[in-house]
Amino acid sequence: MSRATPVSPGGAAGRGLRMRLLLACLLGASTAIAACGCGRERAAPIAPPPAEGSGKFTTGETYLQVGSDRESGPAPRRIEAPSRAAAEKLRAAAKSANLVICIIDAARADHVGCYGYSRDTTPNIDRLARDAMVFEQHFAPYCQTKPSTASLFTGLYPDTHLVVGNSMMPADQFTMARGLASGGLETVLFSSNPVASPAMGIGEDFRTVFTQRQGRERLADSTPEALLGVFSRWLEQGHRSRFFAYLHFVPPHLPYDAPPVLKELFAGQEPPNAWQGGFRFPEVEPRERGREPPPLDEWVNLYDANLRWADWAVGQVGCLLQERGVLDNTILVVTSDHGEAFREHGYKYHSRGLYDELLHAPLIIRFPGEERVVGRVSALTQTVDLLPTVFELFGIPYPREEVQGHSLLPLISGEASRVREYVYAASGGRVDSYLIRDQRSALILFEGGRVRALYDLERNPRQTRNVIEDQPERAAEMVAAFRAFAETQRRPPLHFIEADAKAEEVPRPPEVKLSDETRRDLRALGYLY
């Protein structure tokens, strides 16, 4: 394993760090390596289980390991011909496979290397991407963890599952965990974020749960090290059946508390492509509250350091799966629940807003088997599409007519060039809003239909110029598509396009009662003030 010398902030070692990392990446890329960045003889060590403290390393050496200096054997053969036969090969390879979904919370796609970011924020994810399918235009349905995670678990949009705020997942709701358990998979949830856990009313249908407040072995804290330690010990116990493991890491989400050696990577630098703007619509401008972020450069540098921390954790997941001999029999998914805003359009952090910095998320899927599909997909995809994709691959029955997502298998096998024309997303705020977006235009609708914004993504990808007056026909076309979408939802959001319409009253799921411990956890992550 290529290792970087432990460094402390400042000093000659710190000044030479970037050059050593670049050299390590170049050397690692020249060899045939495992997707997780580990040699097959021995995987990289993970952090020791937390003792009484935070569980962080006392040295930065392991955090900075990139690639491998060992040959890992020939690369897997790739399925080249797009055909129905390719889909059948995928299903055959998945028939006995495990499923691992890694969520890196608040990771925006444009800060990930394989999505074009120039910084070395995600060397492990980038390495994984070279042996996987990368979905370039993937979008969350909400810029908050809970409704977005509920959409992943159910394949439904927020106006149908209604799991927003303190609402609980209905006990009879079909979910990914419930369906896969009926298909014979052991289901286990590891979450460092209480919002994505039974503490907030979702994930109760997993047979085993590990959080800071629940499980036979609780996470010592919200760090990736704590989660990886519990995941490692769970894997070591051995499992007779296939499994579905959901791992939810906090970084790069607030509180931006990466180890010092990772903060040093970008400290004092001018971040690429960083910019800030302001709210375009005073009528709906939210009343921002909560912690005030640092100046832009420092803000982005801290975020990128925490993204590098999450990337390290993803690499360790791959190493642990490889050590147990199950990596090549596992569908490994890396994605995010939403992005993060640096006030490009006035919004800070997340929870409000519908611009790309908040909704465009990475999605990378590595398939099992000696032959696998490897490549990039430019078609639109969305979080709700993961559930039907998984069940189509596994051949496990699911309520196809009730699920609102679309299987990505036709895109993966090459049988189709797209599975959806638009993506949709909702946001709360002082005035609620809704997004309808394709690859040419983004239309933002505000509650009551009083204010709208249309952006030409080909001419203005930063979404700073409202062209709704210049392109009325395009706007009308997208409003018509939104109406068709709205009418399929359990709570039709027609009040976004009809001034006199009101949000339809439908029975809401019961609300979760927050314990004092959960409130403290939420406050530590910036959810409560």
Side-chain angles (χ1 to χ4, degrees), residues 1-25 37 44-67 104-107 111-113 117-126 192-193 212 219-229 249-272 274 291-317 319 340 342 349 524-526:
M1 172 78 59
S2 300
R3 294 175 180 263
T5 304
V7 297
S8 57
R15 287 192 296 272
L17 176 61
R18 290 171 61 199
M19 184 61 69
R20 290 199 303 277
L21 284 173
L22 177 61
L23 180 60
C25 289
I46 68 163
E52 299 299 324
S54 66
K56 296 178 184 176
F57 287 132
T58 56
T59 172
E61 181 176 11
T62 307
Y63 289 116
L64 300 176
Q65 291 174 345
V66 178
I104 45 179
D105 203 310
H111 278 240
V112 175
Y117 198 45
S118 59
R119 272 185 168 173
D120 192 22
T121 50
T122 54
N124 290 295
I125 293 173
D126 298 344
S192 298
N193 188 336
Q212 284 182 253
L219 275 61
D221 52 42
S222 63
T223 62
E225 292 88 334
L227 190 153
L228 287 165
F249 295 100
V250 167
H253 191 288
L254 282 170
Y256 298 160
D257 194 24
V261 69
L262 296 181
K263 291 181 182 179
E264 176 69 12
L265 287 174
F266 310 115
Q269 300 177 27
E270 181 179 348
R291 69 181 74 186
E292 189 64 19
L296 179 61
D297 286 6
E298 181 183 352
W299 189 1
V300 177
N301 290 340
L302 286 170
Y303 175 87
D304 284 352
N306 278 266
L307 182 55
R308 180 65 181 261
W309 196 14
D311 173 80
W312 168 83
V314 170
Q316 296 304 304
V317 170
C319 289
E340 186 89 325
F342 303 127
Y349 305 124
L525 295 175

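Index from 1, following the sequence. Since the model is a prediction, treat every value here as computed from it, not as a measurement.
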* To do: Give a yes or no on whether the backbone of Gly113 and the side-chain of Thr122 come within a donor-acceptor separation of less than 3.5 Å.
  => yes
On a heavy-atom basis, the closest approach of Asp105 and Val250 is CB-O, 3.2 Å
CG (Leu307) and CG (Asp120) are apart, to the nearest 0.5 Å, by 10.5 Å
Pair Tyr349 and Trp299, ring centroids less than 6.0 Å apart: yes
Sequence neighbours excluded, the answer for ring-ring contact (aromatic ring centres under 6.0 Å, His included) partners of Tyr117 is His111
(message) What verdict does the side chain to side chain contact (heavy atoms under 4.5 Å, CB included) test give for Tyr303 and Leu254, after you've listed the backbone C-alpha separation in whole Å, the side-chain angles of each residue and the deciding distance to 0.1 Å?
(response) CA-CA 8 Å; Tyr303 175 87; Leu254 282 170; over 6 Å; no
**Message:** Please check this pair: side chain of Asn301 against backbone of Phe266, looking for a donor-acceptor N/O pair closer than 3.5 Å.
**Reply:** yes
- Query: Would you find a donor on one side and an acceptor on the other, under 3.5 Å apart, between the side chain of Gln269 and the backbone of Leu265?
  - Reply: yes
The reported gap from CG in Asp221 to CG in Leu227 (rounded to nearest 0.5 angstrom) is 10.0 Å
Residues at least two apart in sequence or cross-chain that pass side chain to side chain donor-acceptor pair (under 3.5 Å) with Asp311, listed by chain then number, are Asn124
Across all chains, not counting sequence neighbours, the side chain to side chain contact (heavy atoms under 4.5 Å, CB included) partners of Ala310 are Ile104, Pro251, Pro252
Minimal heavy-atom distance between Arg119 and Pro271, with the atoms involved, is NH2-CA, 3.5 Å
Of all heavy-atom pairs linking Ala258 and Asn306, the shortest is N-OD1, 3.3 Å
Shortest non-hydrogen pair, Ala220 vs Gln212, comes out as O-NE2, 4.2 Å
**OP:** Check whether any side-chain heavy atom of Arg308 lies under 4.5 Å from a side-chain heavy atom of Val261, and answer yes or no.
**Re:** no
Closest non-hydrogen contact found for Thr223 with Ser192 is O-OG, 3.9 Å
Problem set entry | Worked verdict on Tyr256 versus Glu298 for side chain to side chain contact (heavy atoms under 4.5 Å, CB included) | CA-CA 11 Å; Tyr256 298 160; Glu298 181 183 352; over 6 Å; no
Nearest heavy-atom contact between Leu228 and Gln316 is CD1-CB, 3.8 Å
